[in-house]
Amino acid sequence: MAYKIVASQCTSCSACEPECPNVAITEKRGVFMIDPSKCTECIGHFDVPQCVAVCPVHGTCVIDNSVPRASAA
Amino acid sequence: MSKLLQLHDFGASSATSFEALRSSATQTGCSTTGGNGKSGCGSAAGQGDLPPEIWEKVKNHPCYSEQAHHHFARMHVAVAPACNIQCNYCNRKYDCANESRPGVVSEKLSPEQAARKVIAVASTIPQMTVLGIAGPGDALANPAKTFKTFELVTATAPDIKLCLSTNGLMLPDYVEQIVAMNVDHVTITINMIDPEIGAQIYPWIFYNHRRYTGVEASKILSERQLLGLEMLTARGILVKVNSVMIPGINDRHLIEVNKAVKSRGAFLHNIMPLISEPEHGTVFGLEGRRGPSAQELKALQDDCEGEMNMMRHCRQCRADAVGLLGEDRSAEFTTDKVMEMEVEYDLAARQAYQAKVEAERDAIAAARQRELATLADETATIKIQVAIATKGGGVINEHFGHAHEFQIYEVSTAGAKFIGHRRVDLYCEGGYASETGIEPILKALNDCTAVLVAKIGLCPKDSLAGAGIEAVEDYAFEYIEQSVIAYFKNYLERVGKSEISHVARGDADIRQGAFVAS
Ligand code: SF4
Ligand code: SF4
Ligand code: SF4
């Protein structure tokens, strides 16, 4: 139930970090990651996932298929 | 300290355009004009009647005052990597192509690291008067980092002027904070006021938790930019507007932008050429959109000039630039080095040093005025452009072969006016002159009649002569403007005696990429 960041595409611009309503995005030594246990795909907060909407590089914040999709609570 | 003195040649100094404008407003007769070239003769147009408190704010600002940039230094700290809009001339995969040399990822700093760096630089370079936050993203898309940095710097170094650059999207929300933090100057990048044109420049913006595209995006952006501009000027904050000239998209439209920002109180307009090398990977670069030529840029700046001050010496610096505008010293101040440096902030020493610079600038202004007086009876309508090899300090003090850039002055009987700079690759690399080296320099100076240098070899001198450009060593180590006027006087005399004939020069190339002295 989460988005993930494709590390090879990420510019480490940090734009996504403050936009996440769940503080799911963190940076460690310049590498940005989404904690899947915190990400709700922004459902219930916003119409669109904030990390996707703000990220300058298309296809960098994508659905992580290895975890089940989130749904409205 | 001795190293600094030697680097910046403090033997000379000169007045700022604002000094010139101010004196033109208070004195009779002509003075050399800077920003507002057409108002040289006693006209109070433009900002010629700058109130004293505004004058105080700009006179030592290297970016705002085209001659202060010979004497005062600024630094940018890269604390703000995030951005909330996308511009077609920027590729953030590499870095911001607009304000920072693309392909070189600047060291991104935390506010604490940045503050330490500022103090270290200010202790080493006493003429460092301005701290700017200009990305590499948008300063106001990173408000926490931007304002924290300012707060930390002000606590230790209250004399440093603060400025920030923004795309303006979030500006209305932060005007109060900008006022509260005592920010001196704000730069807003405004490339359009017509959303139809904006749609060709901005593919999207992120606003109010969603992404807007097309005309809708540009409409929001434009409204927020102009509102922010009005709010700032209403609060007495100086606002400069940057515009990127994109041939075929906004080149003519920028005249409308100029009027719109002037009427809202912007005090300086800086029209910069598009940087669009394909290897930067920007949308404009990949679609092969070219930047303007030197004369196209100058023509647009001239067309806007009747309206307000135009800035012509912008180097489109990196977001982590340090030092004088023509001389990047950022490599001396990497995080590692800064952390090791012993820093002691000596406010009194800085002020004494700056007072000395001030006195020297007065001297150079007086020298220029004297020289100009000798042209009083001239009636020639000839106008020529002259290139200068300088390391700063307002003096012709650079060897032709060592010049990273040339400063270009336009001179007529009305005086000498700075109109821009041309970057070049070093002609004399590693002590020997390269055969192919001269061609790009000839292209960069093709619109000039002469180049005034401290020294030049026979070979390049001949090549220049072949291209119709006279290389002149006679004014080595003299003040720039005074020399340009003296050269012009001599030129007119020779034309008068038919020793030479005056020919109109052509256009010139603008070298792509931000200024990085190697
Ligand atoms: S989708 Fe929403 S909740 Fe998940 S990481 Fe992105 S911004 Fe955070
Ligand atoms: S917004 Fe995109 S590019 Fe920027 S840090 Fe987040 S994932 Fe990386
Ligand atoms: S980018 Fe332009 S405004 Fe900024 S420091 Fe350089 S010259 Fe000044």
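Convention: sequence-line order gives letters A, B, ...; per-chain numbering from 1. Not measured: the values here are computed from a predicted model.
- Across all their heavy atoms, Cys83(B) and Ala15(A) have their closest contact at O-CB, 4.0 Å.
- Against chain A, the residues from residues 141-154 of chain B that qualify, each with a non-hydrogen atom under 4.5 angstrom away, are Asn142(B), Lys145(B) in number order.
- Residue contact with chain B, scored on non-hydrogen atoms closer than 4.5 Å, involves the backbone and the side chain of Gln50(A) alike.
- Of all residues in residues 205-215 of chain B, those placing a non-hydrogen atom less than 4.5 angstrom from a non-hydrogen atom of chain A are Phe206(B), His209(B), Arg210(B), Arg211(B).
- Annotation for Glu196(B): atom CD does not count as buried by contact number, only 12 or fewer foreign heavy atoms lying within 6.0 Å.
- In terms of non-hydrogen atom pairs under 4.5 Å with chain B, the most contact-rich of Val54(A), Asp47(A), Val52(A) is Val54(A).
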